[in-house]
Peer 1: 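Handing you this structure, nothing more for now.
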Amino acid sequence: MKESTMNSRLVTASLLCVLLITPSNSDACSRAVYFGKEGQTVTGRTMDWFVSDMDTNMWLYPRGLERTSNTKTPFNWKSKYGSVVVTIYEGATADGMNEKGLVANLLYLAEAKYAEVKSDDKRPTLPISAWAQYVLDSYATTAEAVEGLRKEEFRMVPILAPTGEPGTVHLSISDASGDSAIFEFIDGKLTIHHGKQYQVMTNSPIFSEQIPLANYWKAIGGSTMLPGTNRATDRFARLSYYINEATQTADPRRAVATVFSIMRNASVPIGIKIPGQPNIADTLWLTVSDQKNKVYYYQDTNSPSILWVKLNELDFAMGSGPRKLQLDGNPDVGGDQTKNFKPAALFEFLAPTE
């Protein structure tokens, strides 16, 4: 064996050992994109957190809505596209899909580090609580979002969650064609991974370190062995295998059911606690986005029912106003909720104390 090949394998093996042995210190959200036949694209995600009540609600936002970042040096924008989103703490957009089929998923990333404040940096600021919403409001495709966000017209700033934990995240997006991008701030720099091959994202480690892990398990073959714990690295390996091994179909009902089943495989069961790892926590809810047919599905893990919203039947007209579907305190809501949004006043995005 050539020395360079041996060294390469040793590096890969060493990295794998670190990933498998080092405990994850982040919550356990997961995201995966399914490629069906005839353009049937579906994105699924789980939301896991150690506090069971995140005040989760669903919102409908129309075109032409005036938005502000709610920071000391605010970034302001107007929504170009309508969207349906799931919010947490009535102060952050965690997940959603816009009327063009672009999906945004905000996941925790302990290693995220944002740019430090500099006296000569006069850019407005955007808190991570508004990051996903800005993308859904502004772009129709992943390529458009990559081009726009790469300009860094605002400075991203972290927040503290109402529970006191650091608000550090990374963002995944996918469009109706299945094109994906992962956005992370590492050591103060924006890092972008853009391509249809980036189907899966979990939490730690940073995405560039998740890629060799996927390659390792692909060489072994998922039918031979897959890691089974709820750590981010193990969930990444399982999702990478199942999302492509599952039957690829053009039937939207079966495609959505398939993605739900895969995301449940990566979910953390209710009541599971890991000593010394308090942030590996229960899965609170799941979303599945049918990007071809523009149907957004949601399930609270405390509920036996799934609810859905048909974006093609919603009124996103300018001036129609924001509307809310009350989920917080209503775990039994299920079925088609397209017509059940009610007018509601906009909340302010969670922002840092500056």
Peer 1: Are any of the side-chain heavy atoms of Asn105 and Val169 separated by less than 4.5 Å?
Peer 2: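 SC-SC contact between Asn105 and Val169 ruled out.
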Peer 1: Using only atom types and a distance under 3.5 Å, with no angle test, would you say the side chain of Glu152 pairs donor to acceptor with the backbone of Leu149?
Peer 2: no
Peer 1: Is it the case that more than 12 heavy atoms not belonging to Gln197 sit under 6.0 Å from its CD atom?
Peer 2: yes
Peer 1: Would a single hydrophobic cluster contain both Leu346 and Leu136, if residues Ile, Leu, Val, Met, Phe, Trp and Tyr are joined by side-chain heavy-atom contacts under 4.5 Å?
Peer 2: yes
Peer 1: A side-chain contact here means heavy atoms from C-beta on lying under 4.5 Å apart; do Met58 and Val84 qualify?
Peer 2: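 Yes - at least one pair of side-chain heavy atoms lies under 4.5 Å apart.
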Peer 1: Side-chain contact test, heavy atoms from C-beta onward, threshold under 4.5 Å: evaluate it for Leu307 versus Gln299 and give yes or no.
Peer 2: no
Peer 1: side-chain contact (heavy atoms from CB on, under 4.5 Å), that's the test. Do Lys342 and Leu325 meet it? Break it down for me.
Peer 2: CA-CA 6 Å; Lys342 306 297 181 184; Leu325 179 64; over 6 Å; no
Peer 1: Out of curiosity, Ser303 OG to Asn330 CG, how far, rounded to the nearest 0.5 Å?
Peer 2: 10.5 Å
Peer 1: What pairs with Arg150 under side chain to side chain contact (heavy atoms under 4.5 Å, CB included), at least two apart in sequence or on another chain?
Peer 2: Val146, Ile192
Peer 1: Pairs in or reaching into residues 300-313: which pass salt bridge (charged side-chain N to carboxylate O under 4.0 Å, His left out), with residues at least two apart or in two chains?
Peer 2: Lys310-Asp336
Peer 1: In chain order, what residues pass the side-chain hydrogen bond (donor to acceptor under 3.5 Å, both in side chains) check against Arg67, with sequence neighbours excluded?
Peer 2: none
Peer 1: Evaluate side-chain contact (heavy atoms from CB on, under 4.5 Å) for Phe183 paired with Thr191, printing each intermediate quantity in order.
Peer 2: CA-CA 6 Å; Phe183 302 87; Thr191 300; over 6 Å; no
Peer 1: According to side-chain hydrogen bond (donor to acceptor under 3.5 Å, both in side chains), who are the partners of Asp121, at least two apart in sequence or on a separate chain?
Peer 2: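 side-chain hydrogen bond (donor to acceptor under 3.5 Å, both in side chains) check on Asp121 returns Arg123.
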Peer 1: Would Tyr108 end up clustered with Leu190 when hydrophobic side chains under 4.5 Å apart are linked, directly or stepwise?
Peer 2: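 Looking at the clustering, Leu190 is in the same group as Tyr108.
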Peer 1: Can you find a heavy atom in the side chain of Arg155 that is under 4.5 Å from one in the side chain of Val117?
Peer 2: yes
Peer 1: Go through Asp328 and Thr56 one step at a time and tell me if the side chain to side chain donor-acceptor pair (under 3.5 Å) criterion holds.
Peer 2: CA-CA 5 Å; Asp328 187 26; Thr56 300; over 6 Å; no
Peer 1: Which pairs pass salt bridge (charged side-chain N to carboxylate O under 4.0 Å, His left out) with one or both residues in residues 78-102, sequence neighbours excluded?
Peer 2: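 Every pair satisfying salt bridge (charged side-chain N to carboxylate O under 4.0 Å, His left out) with a residue in residues 78-102: Arg45-Asp95, Arg63-Glu99, Glu66-Lys78, Glu90-Lys324.
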Peer 1: Under a 3.5 Å threshold, yes or no: a donor from one side chain and an acceptor from the other, between Ser138 and Trp77?
Peer 2: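 Side-chain D/A pair, Ser138 to Trp77: absent.
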Peer 1: Hey, could you give me the OG/CD1 distance between Ser30 and Ile262, rounded to the nearest 0.5 Å?
Peer 2: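 These two atoms lie 12.0 Å from each other.
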Peer 1: How far apart are the C-alpha atoms of Trp285 and Thr301, what are their side-chain angles, what is the distance that settles it, and do they pass the side chain to side chain donor-acceptor pair (under 3.5 Å) test?
Peer 2: CA-CA 5 Å; Trp285 47 260; Thr301 54; over 6 Å; no
Peer 1: Looking at Pro352 and Thr71, what are the two nearest heavy atoms and their distance?
Peer 2: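 What the structure gives for the nearest pair is CD-CG2, 4.3 Å.
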Peer 1: For Tyr296, enumerate each residue passing the ring pair (Phe, Tyr, Trp, His ring centres under 6.0 Å) test, keeping only those at least two apart in sequence or located in another chain.
Peer 2: none
Peer 1: Taking only residues two or more places apart in sequence or in another chain, which ones pass ring pair (Phe, Tyr, Trp, His ring centres under 6.0 Å) with Tyr114?
Peer 2: Phe185
Peer 1: For Thr125 and Thr73, test the side chains for any donor-to-acceptor distance below 3.5 angstrom and give the result as yes or no.
Peer 2: yes
Peer 1: Tell me, which pairs form a salt bridge (charged side-chain N to carboxylate O under 4.0 Å, His left out) where one or both residues lie in residues 172-191, sequence neighbours left out?
Peer 2: none
Peer 1: Where is the tightest heavy-atom contact between Asn293 and Asn312, given as atom of each residue plus distance?
Peer 2: O-ND2, 3.4 Å
Peer 1: With a 4.5 Å cut-off on side-chain heavy atoms, are Thr249 and Lys37 touching?
Peer 2: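 No. Closest side-chain heavy atoms not under 4.5 Å.
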Peer 1: Can you confirm whether Val42 sits close enough to Tyr297 that some side-chain heavy atom of one is under 4.5 Å from a side-chain heavy atom of the other?
Peer 2: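 Contact flag for Val42/Tyr297 side chains = no.
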Peer 1: Indicate yes or no for a side-chain donor-acceptor contact from Glu245 to the backbone of Tyr241 under 3.5 Å, with no hydrogens or angles considered.
Peer 2: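 No; judged by distance alone, with no hydrogens or angles, the pair does not exist.
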Peer 1: Write down the atom of Ala32, the atom of Leu239, and the distance for their closest heavy-atom approach.
Peer 2: CB-CD2, 4.3 Å
Peer 1: Taking all heavy atoms of Ala94 and all of Met47, pick out the closest pair and write down the distance.
Peer 2: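 That would be CB-CE, 3.9 Å.
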Peer 1: Using 0.5 Å steps for rounding, measure from the CD atom of Glu348 to the OG atom of Ser129.
Peer 2: 10.5 Å
Peer 1: For side-chain contact (heavy atoms from CB on, under 4.5 Å), just list the numbers for Arg235 and Asn265, CA-CA rounded to whole Å, side-chain angles, deciding distance to a tenth of an Å, and then say yes or no.
Peer 2: CA-CA 8 Å; Arg235 288 181 283 107; Asn265 181 276; over 6 Å; no
Peer 1: Going by side-chain hydrogen bond (donor to acceptor under 3.5 Å, both in side chains), name the residues that satisfy it together with Thr68, two or more places apart in sequence or in a different chain.
Peer 2: Asn76
Peer 1: Can Gln133 and Thr87 be counted as having a side-chain donor-acceptor contact under 3.5 angstrom?
Peer 2: no
Peer 1: Which ILVMFWY residues are connected to Val33, directly or by a chain of links, through side-chain heavy atoms under 4.5 Å apart?
Peer 2: Phe35
Peer 1: Any side-chain donor-acceptor pair under 3.5 Å between Arg31 and Ser180?
Peer 2: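 A donor-acceptor contact under 3.5 Å links the two side chains.
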Peer 1: Is a donor on one side and an acceptor on the other found under 3.5 Å between the side chain of Lys122 and the backbone of Ser119?
Peer 2: yes
Peer 1: To the closest 0.5 Å, what do you measure between OG (Ser289) and CG (Leu311)?
Peer 2: 8.5 Å
Peer 1: Is there a donor-acceptor contact under 3.5 Å from the side chain of Asn70 to the main chain of Phe349?
Peer 2: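 A pair under 3.5 Å: yes.
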Peer 1: Any non-hydrogen side-chain atom of Ser79 less than 4.5 Å from a side-chain atom of Pro62?
Peer 2: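 No; the side chains remain at least 4.5 Å from each other.
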Peer 1: Evaluate the criterion side chain to side chain donor-acceptor pair (under 3.5 Å) for residue pair Asn340 and Gln326; output intermediate values, then yes/no.
Peer 2: CA-CA 9 Å; Asn340 293 336; Gln326 184 71 31; over 6 Å; no
Peer 1: Atom OG1 in Thr168, atom NZ in Lys113: separation rounded to 0.5 Å?
Peer 2: 12.5 Å
Peer 1: Could you check whether Gln291 and Ser174, counting side-chain N and O atoms only, form a donor-acceptor pair closer than 3.5 Å?
Peer 2: yes
Peer 1: My understanding is that only residues two or more places apart in sequence, or in another chain, count here; which of them pass ring pair (Phe, Tyr, Trp, His ring centres under 6.0 Å) with Tyr61?
Peer 2: Trp59
Peer 1: Kindly indicate whether the side chain of His194, heavy atoms from C-beta on, has any atom under 4.5 Å from the side chain of Tyr198.
Peer 2: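 No. Closest side-chain heavy atoms not under 4.5 Å.
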Peer 1: For the hydrophobic clusters of this structure (ILVMFWY residues joined by side-chain heavy atoms under 4.5 Å, transitively), does one cluster hold both Val85 and Tyr81?
Peer 2: no
Peer 1: Counting only heavy atoms from other residues, nucleotides and ligands, does the tally under 6.0 Å from CD of Gln248 exceed 12?
Peer 2: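 More than 12 within 6.0 Å, yes.
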Peer 1: Looking at Ile182, is its backbone amide N or carbonyl O close enough to the side chain of Ser172 to form a donor-acceptor pair, meaning the two atoms are under 3.5 Å apart?
Peer 2: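 A pair under 3.5 Å: no.
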Peer 1: Tell me the ring-ring contact (aromatic ring centres under 6.0 Å, His included) pairs involving residues 150-170, sequence neighbours left out?
Peer 2: Phe75-Phe154, Tyr134-Phe154
Peer 1: Show, in sequence, the C-alpha distance, side-chain angles and deciding distance for Val309 and Leu314, and conclude whether the side-chain contact (heavy atoms from CB on, under 4.5 Å) test is met.
Peer 2: CA-CA 8 Å; Val309 177; Leu314 293 173; 3.5 Å; yes
